[in-house]
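Chain letters run A, B, ... following the sequence lines, proteins first, then strands; residues in each count from 1. Because the structure is predicted, anything quoted here is derived from the model rather than measured.
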2 protein chains.
Amino acid sequence: MARVGLTTERLVRAGAELADEIGFEQVTASELARRFDVKVASLYSHVKNSQDLKTRIALFALAELADRAADAVAGRAGKDALTAFAHAYRDYGREHPGRAAAARLRLDPETAAASAGVRHAQMTRAILRGYDLAEPDQTHAVRLLGSVFHGYVSLETAGGFSHSAPDSEETWTRILDALDALLRNWPAPPTP
Amino acid sequence: MARVGLTTERLVRAGAELADEIGFEQVTASELARRFDVKVASLYSHVKNSQDLKTRIALFALAELADRAADAVAGRAGKDALTAFAHAYRDYGREHPGRAAAARLRLDPETAAASAGVRHAQMTRAILRGYDLAEPDQTHAVRLLGSVFHGYVSLETAGGFSHSAPDSEETWTRILDALDALLRNWPAPPTP
DNA sequence: CCCATTTGCCTAAACGCTTTAGGCAAATGC
DNA sequence: GCATTTGCCTAAAGCGTTTAGGCAAATGGG
């Protein structure tokens, strides 16, 4: 019997591509086995189970996105860095909707702590160094930016902004203008 | 054989409760049948299939959340309305994580157009009437608010903000302060 | 009140995905 | 060249989905 040369790595990469083609939810060990022209049981030497496969795809996507975002911000600061970072997120979601969905998979705390997710947070903090935010406002801002990026890409992928004017591209740049303005002028906590 | 009195309505409500207990992803026709102490096939007289069931739960959650949000904003305007609306979203996500996840289910365009999702958008626009935003900025702002609410609740549910200071409650109010300030001072498009 | 019709839940069965156990053959290395 | 390891296999069990067809409980007209 010919050996195909399965590895965890190859399965994960193929799983990521499959996610972009048919949607992350639809990625299944069976479908993946079909792609490799291999019996399903053969995958179980390389991944623990179906959940493990999905988690690995998620980690792969998180790392890939972090690499892209890091490339995008390299050598930039201030609004320049913010928009480059933001566009990296949105572009990834548009080019690789399945991987982006994978990157939104809920991970258990230890897995998340060991994932590229922490690089995402660190990069966001680095970008905020271009603005004048002391703690705890910096953390609030990190969470705001994470929410906006996560939420926007998610809604856009769901088709929420298509078929209506203005187009999503324009909204995205205007939202970034707005966020830049907000970060430059972050309001002090109200004194009650 | 005793009749249990299944209806589509009862299945959907029970499905929503089940979602809060075990997670929306885990809601399955089989599990629902078990809860009603009924054979799985019996459900298929009331829902077309598993996808139909999930979609109905999603529509139920969207409508319930829209009702709550409408209650919350009733009689309020400006920042008051904004924060009441936002808290309705976040509270729903915390009280009913499964239903909130259901409300984020991707719907096909026609279903979405006939859902309470349009009420959500209308309410957001109504709140923005308390701010001075002309089109297309109003649409940009609607999309920003949708992204923030959607994203924040999603990340919070995933545990993204737990076990780290400051606590999520504080971040949420400070984000709303920031959004209020931003909406009162929405930047004009840069003139290139 | 009885009988016909409708309705609700059932059994049976097929199909697909997941997962484990155990086997054989190809690759590896001494 | 042979022993060991490794990789993919077959087999089988378990569970969720879905359809087809059946029987009994509810419903309602005469």
Between D:dT17, C:dT11, C:dA21, which nucleotide gets closest to the side-chain atoms of B:Val40? D:dT17
Side chain of B:Leu6, heavy atoms from C-beta onward: which of C:dC9, D:dC8, D:dA11 has the nearest atom to it? C:dC9
Could you tell me how far apart B:Leu32 (CG) and D:dT18 (P) are, to the nearest whole angstrom? 13 Å
Let me know the distance between CG of A:Leu11 and P of D:dG7, rounded to the nearest Å. 12 Å
Taking only side-chain nitrogens and oxygens of B:Arg34, does any of them come within less than 4.0 Å of OP1 or OP2 of D:dG16? yes
I'd like to know whether CG of B:Asp80 has more than 12 heavy-atom contacts from other residues, nucleotides or ligands below 6.0 angstrom. yes
Which of the following nucleotides, D:dA20, C:dC17, D:dT17, is nearest to the side chain of A:Ser30? C:dC17
Can a side chain N or O of B:Ser45 be found less than 4.0 Å away from OP1 or OP2 on C:dC9? no
Can you label the angle between the B:Tyr152 ring and the B:Phe161 ring as parallel, tilted or perpendicular, going by 30° and 60°? tilted
Roughly how many Å is it from NZ in A:Lys39 to P in C:dT19, rounded to a whole number? 18 Å
Options D:dT17, C:dT7, D:dC9, nucleotide nearest the side-chain atoms of B:Arg3: C:dT7
Measure from the side-chain heavy atoms of B:Tyr44 and tell me the nearest of D:dT18, D:dT10, C:dT19. D:dT18
Of all heavy-atom pairs between A:Tyr44 and A:Asn49, which one has the smallest distance, and what is that distance? CE2-CA, 3.8 Å
What is the distance, rounded to the nearest whole Å, between atom CD of A:Glu25 and atom C1' of C:dC17? 15 Å
CG/B:Asp132: more than 12 non-hydrogen atoms of other groups inside 6.0 Å: no
Under 4.0 Å: is that the gap between some side-chain N or O of B:Ser42 and OP1 or OP2 of C:dG8? no
Round to a whole Å and report the spacing from CG of A:Asp52 to P of C:dT20. 11 Å
Residues, nucleotides or ligands: over 12 heavy atoms within 6.0 Å of B:Asp108 CG: yes
Can you tell me which nucleotide in C:dT18, D:dT10, D:dT17 comes closest to the side chain of B:Ala29? D:dT17
Distance, rounded to the nearest Å, where A:Leu43 contributes CG and C:dC17 contributes P: 12 Å
Separation of C:dC17 P from A:Gln26 CD (nearest whole Å): 12 Å
With a 4.0 Å limit, can you tell me whether A:His46 has a side-chain N or O closer than that to the phosphate oxygens OP1/OP2 of D:dT6? no
So, is A:Thr28 close to the C:dT18 phosphate, meaning a side-chain N or O under 4.0 Å from OP1 or OP2? yes
Once you round it to whole Å, what is the distance between P of C:dT20 and NZ of A:Lys48? 10 Å
